[in-house]
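This report concerns only the one structure given below.
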Amino acid sequence: MGLNPAYAGAYGAAPPFSQIPYMGGAKAAVPEAPAPPNSILFVQNLPHQSTPMMLQMLFCQYPGFKEVRMVEAKPGIAFIEYGDEMQSTVAMQALQGFKITAENPMLITYAKK
DNA sequence: AGCACA
């Protein structure tokens, strides 16, 4: 009565759920809408030495610019506020991936909360 | 990777 591998799948030896590729990792619908539009932009991948001044120089060129807020607690991210979401969208598209330095292309999304 | 102001 040795262990016959043939019984392994038939009884208790099923693989953990985490290894079963059920849906191949399907998520919610529409990957084209990563974040809901917002008049405030969330900017990340900034060099840690960047200042609100630098961001203002860049973003104030686009219509509707209101203000820039940096998050001191988490270096490398910042918020850019615009008058409305149409204007913030234009600015986001325009400056998306803008290289502040060679290693720091800006990653811009709509702000979360 | 991160999400702050009012």
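These figures come from a predicted structure and were not determined experimentally. Order of the sequence lines fixes the chain letters, A, B, ..., with proteins taken first and strands second; residue numbering starts at 1 for each chain.
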To the nearest Å, give me how far apart [atom1] ([X]) and [atom2] ([N]) are.
X	N	atom1	atom2	value
R69(A)	dA4(B)	CZ	P	11 Å
L55(A)	dC5(B)	CG	P	16 Å
Q44(A)	dG2(B)	CD	C1'	7 Å
L107(A)	dC3(B)	CG	P	15 Å
K66(A)	dA4(B)	NZ	P	18 Å
H48(A)	dG2(B)	NE2	P	14 Å
I108(A)	dA4(B)	CD1	P	19 Å
M106(A)	dG2(B)	CE	C1'	17 Å

(message) Nearest heavy atom decides the nucleotide; on that basis, is N45(A) or E67(A) closer to the 5' end of DNA chain B?
(response) N45(A)
Answer yes or no: is there a donor N or O on one side and an acceptor on the other, between the side chain of [X] and the main chain of [Y], under 3.5 Å?
X	Y	answer
S50(A)	L46(A)	no
D84(A)	Q87(A)	yes
Q61(A)	L58(A)	yes
N45(A)	L107(A)	no
Q96(A)	I108(A)	yes

(request) Check step by step if ring pair (Phe, Tyr, Trp, His ring centres under 6.0 Å) holds for F42(A) and F79(A). (result) CA-CA 5 Å; F42(A) 177 59; F79(A) 295 91; 5.5 Å; yes
(request) Describe the nucleic acid contact of N38(A) in one word from base, sugar-phosphate, nothing, applying a heavy-atom distance below 4.0 Å. (result) nothing
(message) Within residues 70-86 of chain A, which residues have any heavy atom lying less than 4.0 Å from an atom of DNA chain B?
(response) V71(A), K74(A), P75(A), I77(A), F79(A)
